[in-house]
Amino acid sequence: MNAYVPILVLGALAAGFAVFSVVTAALVGPRRYNRAKLAAYECGIEPTPQPAGGGRFPVKYYLTAMLFIIFDIEIVFLYPWAVHFDALGMFGLVQMLIFVGLIGVAYAYDWRRGGLEWD
């Protein structure tokens, strides 16, 4: 337990500083609210009113999000493999080549179908 005390102290200090900063900013900061400051800001485009049930998003938005998640997962698997590359030997190399090949097939399929083009 003694090895974790510095980490716990550092975590408590970080959390205390974060709480202190937010509370101090709320108490000391200026309060000049107007309609422009309370409006949603999205890339300089005026937000349009949405229907009562919410707006519909194009399917391309979800496909792009899933593609991003796939490549994030690939990176998560590549880091530990790179760290233990020597210990894994040829077996690890072959397994990672198969994994990257499968991800490459998914990437090529998405590229061919036009999933990377944003209209």
query: Any side-chain heavy-atom pair from I73 and F77 closer than 4.5 angstrom?
result: yes
Are [X] and [Y] grouped together when hydrophobic residues (ILVMFWY) are joined by side-chain heavy atoms under 4.5 angstrom apart?
X: L102; Y: I75; result: yes
X: I103; Y: F68; result: no
X: L93; Y: Y79; result: yes
X: M90; Y: F85; result: yes
X: V22; Y: F17; result: no

Between atom [atom1] of [X] and atom [atom2] of [Y], what is the distance when rounded to the nearest 0.5 Å?
X: F91; Y: M96; atom1: CZ; atom2: CE; answer: 10.5 Å
X: D110; Y: F71; atom1: CG; atom2: CZ; answer: 7.5 Å
X: I70; Y: Y107; atom1: CD1; atom2: OH; answer: 12.5 Å
X: L8; Y: L13; atom1: CG; atom2: CG; answer: 11.0 Å

